[in-house]
Every structure is written in structure tokens, then in C-alpha cells.
Amino acid sequence: MGYKQYEPEVLKKLQQEELVVLKEFVRICNKYDISYFAVFGTNIGIIRHHGFIPWDDDMDFGMLRDDYEKFLKVAPSEIGDHFGLAGPDCDQKFYNFVSKFYKKGTEFSTIYNHGNFEMGINLDIFVFDALAEDPKLRKKQIRYASILRNIYMIKNVNFYVSTVFKKGKLLKRLFCGFMYYLFKVIPVTNNFLCKLWKKNATKYHGQSQTVTQFNDTMILESALSLDEVKHLIELPFEDIMVKVPQEYDRILHALYGDYMQLPPLEKRQNHYPYRLKFSDGTNN
């Protein structure tokens, strides 16, 4: 995504709004005994900062497929008109396969969903599905997931215009821009692509002891054993307790190396929005 620094008071206000989203998410999960766990930067934030990474502007959580499906069933009756759900398994879609739990009445629009997808201040839900045990089938499953993600993203995002990686990428951007407009006349719907994605992601459901998220990149790197995601502990995140895998140190070391060391400025990332609206109606 790249990196752009927020004004300190804006970032603090954004993180406070995100914390409200997280508290509702955790409340529902605890009420219905739904398992979830922090992943990626949020997991680092919990261990290294006991809350948000100081420059971070999003939250990442994982769920096993069965827990996620249960969450989709019970959440609508709990959240009313205050929160919403979007993603490949929801009526409301987004420009990628990452599911979103968001606060209505707010807005967090990045350059990628510019003008095409409405999204409030949110947290990301990464669904962890079974990864094929056989190496050849595993490679095929990952490759197909990556192809579907690329198609879906190119269909929904005009990367010729909406990208932070413009330098030295002209031919790639031209190709993506051409395909973006081509998909406007090709009869391929988001629903159809989402069904293909889910069929591939759930193909080995219940047949493997290894799970991963097929929502985004780093599919193989995100792989965890079922044992790791079933043994969770609670740790503080700001003023709330959230769940992380008990083996968080091994998991984070495998993904990031020395994750306790602050990265230099040039390696930091966030999702700085082009349009940001808070629940009190103020904009940034």
C-alpha cells in the first residue's frame, strides 16, 4: 500500500474509532463462543506495543471457516444499523477478497476503492481455510487463488490510475487499465468470481491439518497448523483483551524475522485514505 504519515490527532481519532469496531467484533464473538485471533500487524502491535503499532491505521484478525460462517449468521441480528459486513461471502462486496467488519456512518476510502466501493472505518477478517496436504495439489490451490485474486482486483480497481506504485510500472499499469475497461463489457460478475474463489478455498475443508488465508497475498507464508489456531491466549490491546495464537512468537518470527525491532521509516506501511469521515460527521 505504501506509507503516508497522518497528523497525530487524526491518527489517534481514527484508532479510537477502530477500537469501537473491535470491541463490537469481540463482544459478538465472545457472546456466541466464536473463535478469532489477531494476525499480521495487529498481532505485532499486541506483542510489541500492547495496542496499535504507532503509525498503523488498520486491524487484522483471522477466523477458521466454521467460526466465520457462524459469525456471518449471528452478526446481522446483533449489529443493527450501526455496523456492517462486506466481503466475498456477503451481499456487499469489496474490491478484494478480504472481509470487512465496519462502522456505518463513517468512511475510510483508499485510492483502490475510489468511487466504486463504499467502506466505513473497519477491521479486516482473514478466513483461514484448509490448505491441501499434497504438495502438487497445494501448489495448484495457491496458484488458482492468486489468479482469481488478480482477476478480481483488476476487474474492480483501475490500477492505471489508482496505484501508489507508478514509477517504472507503465506497461503493467497500461495492461491493468485495459483489462479494467474490458471487464466492463465481459459478462463476468463479482458474485461469480467470489463463488469460484470460495470453492477453491474450501476444497479441502476438513481434510487437512494445515490452514491459511486465501484472501490476500502471502498465502503459503500465512499457513498455520490447526493446533496453533485452536490454542489461543488473551492479551491486552489498548483497553480491551483480545485473542492471539499461543505460539505467536514462532508465527511472527517466521513472517517478519525480528518483529520486536521497529522498522525504518521507508519500510513502514499504512492505508492512508483519500477520504476519511468520522462518526461525529467530521472529515479529514
Side-chain angles (χ1 to χ4, degrees), residues 11-53 56-94 97-108 118-129 211 213 215-216 224 228-246 248 251 271 276-282:
L11 181 57
K12 183 177 181 181
K13 189 172 183 178
L14 172 59
Q15 290 175 342
Q16 288 303 308
E17 292 265 26
E18 290 178 330
L19 197 56
V20 172
V21 178
L22 175 59
K23 287 179 178 179
E24 178 66 5
F25 174 76
V26 170
R27 182 191 71 80
I28 295 171
C29 290
N30 288 343
K31 179 177 179 178
Y32 291 95
D33 194 28
I34 297 171
S35 187
Y36 69 92
F37 47 94
V39 294
F40 307 132
T42 300
N43 202 355
I44 292 178
I46 292 168
I47 307 306
R48 194 169 68 199
H49 305 280
H50 309 298
F52 289 101
I53 293 174
D56 204 4
D57 56 3
D58 78 335
M59 298 177 292
D60 302 321
F61 287 87
M63 283 181 161
L64 289 174
R65 171 62 61 177
D66 289 344
D67 288 299
Y68 176 67
E69 296 289 351
K70 184 177 180 180
F71 183 79
L72 291 182
K73 289 180 180 178
V74 302
S77 63
E78 290 285 334
I79 60 180
D81 295 326
H82 303 292
F83 298 87
L85 282 162
D89 307 285
C90 306
D91 291 335
Q92 182 181 347
K93 300 292 188 283
F94 198 51
F97 289 136
V98 180
S99 295
K100 301 277 188 175
F101 183 66
Y102 67 93
K103 189 175 184 182
K104 293 183 178 179
T106 66
E107 184 175 2
F108 190 95
E118 296 295 328
M119 181 48 58
I121 295 171
N122 64 85
L123 63 78
D124 292 336
I125 302 175
F126 292 86
V127 186
F128 278 68
D129 285 299
V211 294
Q213 58 82 26
N215 308 85
D216 206 358
L224 301 169
E228 286 175 318
V229 296
K230 288 183 177 179
H231 288 82
L232 307 173
I233 58 174
E234 285 194 330
L235 292 175
F237 181 92
E238 303 296 338
D239 62 349
I240 185 175
M241 300 296 288
V242 297
K243 295 178 181 179
V244 303
Q246 185 173 307
Y248 64 81
I251 294 168
H271 304 74
L276 178 60
K277 177 184 175 183
F278 296 108
S279 57
D280 61 8
T282 58

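Note that the structure is a prediction, hence the values are computed from the model and not measured.
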Sorted by chain and number, sequence neighbours left out, side chain to side chain contact (heavy atoms under 4.5 Å, CB included) with E238 holds for L19, F52
Tell me, please, which residues at least two apart from K100 pass salt bridge (charged side-chain N to carboxylate O under 4.0 Å, His left out). D124
Listed partners of D216 passing salt bridge (charged side-chain N to carboxylate O under 4.0 Å, His left out), at least two apart: R149
Considering residues at least two apart in sequence or located in another chain, which fulfil the side-chain hydrogen bond (donor to acceptor under 3.5 Å, both in side chains) criterion with H49? none
Can you confirm whether or not the ring centre of Y32 sits under 6.0 Å from the ring centre of F71? no
Q246: what forms a side-chain hydrogen bond (donor to acceptor under 3.5 Å, both in side chains) with it, not counting sequence neighbours? none
Mind checking what makes side-chain hydrogen bond (donor to acceptor under 3.5 Å, both in side chains) contact with E17, not counting sequence neighbours? K103, S279
Hydrogens and angles aside, do Y102 and E107 bring a side-chain donor and acceptor to less than 3.5 Å of each other? no
Could you name each residue pair satisfying salt bridge (charged side-chain N to carboxylate O under 4.0 Å, His left out) that touches residues 19-36, not counting sequence neighbours? K23-D239, E24-R27, R27-E78, K31-E78
Set of ring-ring contact (aromatic ring centres under 6.0 Å, His included) partners for F83, sequence neighbours left out: F101
How close do L123 and L22 get, heavy atom to heavy atom, and via which atoms? CD2-CA, 3.8 Å
Using the test ring-ring contact (aromatic ring centres under 6.0 Å, His included), find all partners of F126 that sit at least two apart in sequence or belong to another chain. F40
Separation between CG (D67) and SG (C29), nearest 0.5 Å, reads 8.0 Å
One should read off an interatomic distance between N215 CG and D60 CG, to the nearest 0.5 angstrom, of 10.5 Å
Among all residues two or more places apart in sequence or in another chain, which pass the side chain to side chain contact (heavy atoms under 4.5 Å, CB included) test with D129? R65, V127, A201, T202, F214
S99: partners by side-chain hydrogen bond (donor to acceptor under 3.5 Å, both in side chains), with sequence neighbours left out: Y68
Once salt bridge (charged side-chain N to carboxylate O under 4.0 Å, His left out) is applied, do any residues pair with D280, and if so which ones, sequence neighbours excluded? K13
Give, for atom CD1 of I46 and atom NZ of K243, the distance between the pair rounded to the nearest 0.5 Å. 12.5 Å
